[in-house]
Every structure is written in C-alpha cells, then in structure tokens.
Amino acid sequence: MKKKLVSLLLAFGMTAASVAPAFAEEEQLETIAPIPSAEEATEDGSAGDAPLADAQELTFVLNNEPDGIDPGITNNSFAVPFLVNCFEGLVTYDENGETAPGNAESWDINDDMTVYTFHLRDGLKWSDGSALTANDYVYSALRVLTPETTSQYVNMISDYVVNGQEYYDGTCEKEDVGIKALDDTTLEFTLKAPCSYFVDLVSMWVYDPVQEATVEANGDKWTSSADTYICNGPFKITEMNMGESIILEKNENYWDAANVSLEKITYRYILDVATALTAFENGEVDGDRTIPSSDMARLKAENAGVQTAPSYGTVYYDFNCSVEPFDNPLVRKALCLAVDRESLINNVAQVDGQPAYSFLSPGYVVDGTDILDGRSDFGLSSTADAEAAKAALAEAGYPDGEGFPTVHLSFYSDDNVKKIAEAIKEMWEQNLGITVEVSSADWAVFYSDIQSGNYEVGAMGWSADYVNPMSFLPLLYTNDVTNNCFYSNPDYDAVVDQVKVEKDAAKAGELVKQADDVVSSDYPVLPLYYKSNNYLIKDYVQGVYMTSSGNIYFKNATVLAH
C-alpha cells in the first residue's frame, strides 16, 4: 500500500475549480454539501433519525440512450450510468472523488514506474456466480487490443503496455504483451515507459473485465440481453425494454454486496428534458440526470433536489481542421473571437460557468497551485471582439466575410445544446457577416459523423475520464483515436510525449501548460465555458455520489421512508 500512496502523490491532484465525452448540458459552478453516505446509516436500519424505506428501489431518468454498453468498446458518456454501476475494475472512485481499491485490494509499483502489480481480492465472482480471476483481466485487455473489437479507447492500453500496439498490429503474440496473470489473484502490467498516473488510468472502464465465456458464445450481442449481460459490479441488469427502460438489481455475487442497500434501479428513458422534469416534480421518478437550464434557478430556490458536482470538463465545439476553410488557423481564430461567452453563459445556457479560452480545463493542482494559473487567454475574451474577429477573417482572405462559404454547424438532439448552437449562429452572422446553417441528429448518428469527419463545426466537449491532464491531451494529438478535430501539430505532440513519461509532478505540470500554450494558440476548437455537473435527486435518497468525470454511483445509496 505504501507504493500506492506514492503513486497518487506523484500523479496530478484535483480540486473543485470549475466532464466520455462531456457535453453542453446545463451547468453550475456552485458546490453544495454532499448527500450523506449510506455508511452513515445506523445499525438499526436508519439514516440519522429517518428509517429506511421498506422497498430499497428508485427510478432515475436518463435523457439519452448510449451507443452501446460494452466497457471494452464504448467511449460514450451516456453509457456511464451502466458501466460504473454494473462493472468494477481494479481501481474505482470513492465518494470523495479519490481513487480507491476496487477488484484489487492493493498494488505495488517498481521504482521506475514501469511495472504495476495488482493484488485481487480473494473469492471474486461474476454476476452468474462463476469465479473471476486475473486471467479474466488479461483476456479483456487482449480483446480490446484486437482490431475486430473496434474499441474506441484502445489507445488507453496500446499506448502504454509493452507490445500492446504490436499485438494490435498483428506483429507479436499474446504471450509477448506486457499483461500477465502471475496467478489467479495477481495481475502484472509492464509499461513501455514510466507512467506516474497508471493507477488513475486503470480506473477507466476499458480496463474492466468482461467474461470470456459469454462474450465468445454471444459475440457482439452479449450486451443486448439481460441474460447474457454478465458483469461484476454492485448491480446487474435484469430487464431491457428497448427505448423505454433498463432495470438493474443488486448483484448478490458482488464482493461487497453486504454493504449495498439498494435492491433495484430503474433507468427510465425520457428524452425530452421538460417532460422528465415534470415526471420528477410529480413524484413519478426519484432522480433526473439532466436539468433544463431555464428551470435551474427556480429549482435551486425551491430546494427541489438540485445536486451540483464539481467537475473537470470543458464545453466546446470541434472544428474539422482537415477541411477548408477550417484548416486555416486564422479562420478558426476569427470564429473564436466572434463569440460572446458571457452572453452564452448568462442568457443562453443560464449557468454560472467560467468563460473558456482553451479545451483544457483548470483544476489540476500540484503543491497547492493550479498548474494552469497565469496561462494566456490566447487573445480571446469573455465578450465578442467583432473588430478583431473581422480582422482575422480578412487576414485569412475573407474581408467582411466575402467569399466565405456557408458554415454548417451541427449538434446532437438536446434542448439546451440547441439553444447554444442557435446563439452561436447569430453571433457569427452578426459579427462576421457570414452565413451559418444549423442541423441536428440523434446522438448516435451525430457522433458517428463527428468521428468519421463528416462535419464542419460540431457541438462537443470533454470530461476527464480519469483524474489527470492526460485525459485531455490526447484529444488533439496527431492521429489519436479521440482526435475528432483531425488536428496535427508536431510541436504539440512532442510536448505531450514528454508529459507521458515525466515522473516529477511539478515538471509534468510545466509541460502540460507548455502543451496548452502550443495547441490553444492554433484554435483547433471553439472553447465556450468550463463546467460542472448537475442532476436531480429526491431528498429521501441518500448516498448517491458523482465524481469529477460525471460518473454517478449508486452503490452507497439508500432510500429513506417518505
């Protein structure tokens, strides 16, 4: 355990300064008192002075359907409510947002941080009661490293593990990959280079185990049926109602099942946020993932269950840097200058957000200081600078917008995101004299277009998948699987390569700031604001918590009599 603590000290810390992918949802930058933990329940079955409800069940609204719930494949934040509650990796996060033992009860790290050895708990089981061992973790990682799996986070393993990329390329055998089961309860990772944040990295669901027997028997259909969705977390799926709801029940085979009080969670899909809010206020549901921005102030004033979780996240739009005219940094700069962030925050999104001038969120702290303190604003400001925007566009060859092609601004179906897109359209047309067309699509179609480069400017954003700047930096690294801007800058890549292997936290922080300076001066994204996460939960539900990545956990939840 001693070396575990050393690892966490060397990795970047996090404070609540300001979420995979994160999106332009309604946000607030206000921190409220956390919901009391289930651990505070007394031995006689009460939480404080309030007795527990006879039925430990709740219904929670989700406003978007995920593109899939296979932890080895998806990078979609809409899948998170399933992945973090139905699966558990070697490392998880506690109610304080700190890494905590999961399936691994402890781990050791060698002196140069290239070998991480995880010691699994004895007696781990899958939800079907069969044994879960270190070999399941090896199988799962190798599955991610198989091209046919189409894992969207494959680089989180291939970039770090010895021969991970070579196995993916088909140039080495599985025995050569740096992931070994030394015995049933000991798992060893050998890395290509020192990595101070690998413990944070393995908290990601792409490192979660999946059961070989069910995956091999059912192929990519294993996640389509409750009967075959074998998992290892505090809950398991018992019913799937396409487009309507998915029901989770307590997993009696979870290693810590004795401390899980909640017996049933019904995830109910209500895509219209206004309809979802009505269901919450009428008492039809117990919680809601998304709050309409226009109702935020009223709900807070009424103390109606608004919960705000500080977050590492930035709301921004991607520029497709591979197509004209967005391959020109001056064009991108002009579009960034022409946006009034204060108006977006106060009048459109109606949040207490902090104007953003870079894709990289503040909040990473080393020795008590945010590593981004004092960084440049890259010539941007909280309000639109129409004159500077016109000058940049003229320098790019489009004086007063003449000859500039119609901009196609795309977003995914969401009322709050729609408001922001329409406001940006008006700002660009008014401040630059250009024509803008907006269009929307359901998330799955929209995101597929973003990933394939079939867009010009698209509504996106990011939440840190794990608590380290390296969750952000690959987004603009040449040819990275998460680089949906199709941006490339060798100078930026070189600095990021240095960040990856730097063991000293202070030096790594300086390199992160340098990387931010290089890339943000090129304007590959349109930064809007830094965010936090809000959700609704009834006051009789206690112990629910959300991490800075926007991951919401129910394993400590209890329902009080009401």
Hey, does P474 have a side-chain heavy atom less than 4.5 Å from the side chain of N483?
no
Are the side chains of S127 and N232 in contact, using a 4.5 Å heavy-atom criterion?
no
Just by distance, no angles: are the side chains of E216 and Y139 close enough, under 3.5 Å, to form a donor-acceptor pair? yes
- prompt: Between S410 and D449, is any side-chain donor less than 3.5 angstrom from a side-chain acceptor?
  reply: no
- So, T114 and N110: side-chain donor and acceptor under 3.5 Å apart, yes or no? yes
Requested in this report: Give a yes or no on whether a salt bridge exists between D370 and R375, defined as a side-chain N under 4.0 angstrom from a carboxylate O.
Outcome: no
Value for CD (E166) from CG (L145), rounded to nearest 0.5 Å, stands at 10.5 Å
CG of D136 to OG of S130, rounded to nearest 0.5 Å, is 7.5 Å
Point to revise | Side chains of N218 and T228, donor plus acceptor under 3.5 Å | key: no
Would you say that more than 12 heavy atoms from the other residues, nucleotides or ligands in this model lie under 6.0 Å from the CG of D112, or not? yes
Any side-chain donor near an acceptor of the partner, Y477 and D497, under 3.5 Å: yes
Query - Distance flag, aromatic centroids of F235 and F87, threshold under 6.0 Å - result: no
Query raised in the report: Cut-off 3.5 Å, side chains only: do D516 and S520 have a donor facing an acceptor?
Result: yes
Aromatic ring proximity, centroids under 6.0 angstrom, Y267 and F82: yes
Taking the ring of Y523 and the ring of F378, is the distance between their centroids below 6.0 Å?
no
Tell me, please, whether F319 has K333 positioned over its six-membered ring: NZ or CZ under 6.0 Å from the ring centre and within 45 degrees of its axis?
no
Could you check whether Y487 and N489, counting side-chain N and O atoms only, form a donor-acceptor pair closer than 3.5 Å? yes
When rounded to the nearest 0.5 Å, the distance separating CD of Q514 from CD of Q498 is 6.5 Å
- Task: Taking the side chain as every heavy atom from C-beta outward, state whether T186 and T117 have any pair of such atoms under 4.5 Å apart.
- Result: yes
### Query
Is there a donor in the side chain of N320 and an acceptor in the side chain of S322, or the other way round, less than 3.5 Å apart?
yes
Between D159 and D480 the two heavy atoms that sit nearest each other are OD2-OD2, 4.2 Å
In D67, T223, V80, V206, the residue satisfying side chain to side chain contact (heavy atoms under 4.5 Å, CB included) with T74 is D67
Exercise. Would a 4.5 Å heavy-atom cut-off, applied to side chains only, mark Q165 and K192 as touching?
Worked result: yes
- Ring centres under 6.0 angstrom apart (W222, Y229): yes
Discussion item. In this structure, is the centre-to-centre distance between the rings of F189 and Y116 below 6.0 Å?
Written reply: no
Output for pair (N533 CG, T308 OG1), nearest 0.5 Å, gives 9.0 Å
Requested in this report: Step through it carefully: locate the ring centre of F60, locate the ring centre of F554, and say whether they are under 6.0 Å apart.
Outcome: yes
With distance as the sole criterion, is a donor-acceptor pair present between the side chains of S203 and Y93 under 3.5 Å? yes
Q: Check whether the side chains of E88 and Y254 place a donor and an acceptor atom closer than 3.5 Å, and report yes or no.
A: yes
Donor-acceptor pair between Y197 and Y160 side chains, under 3.5 angstrom
yes
T478 versus D493, side-chain donor and acceptor atoms under 3.5 Å
yes
If we count only N and O atoms by modelled type, under 3.5 Å, do the side chains of N163 and Y168 hold a donor and an acceptor together?
no
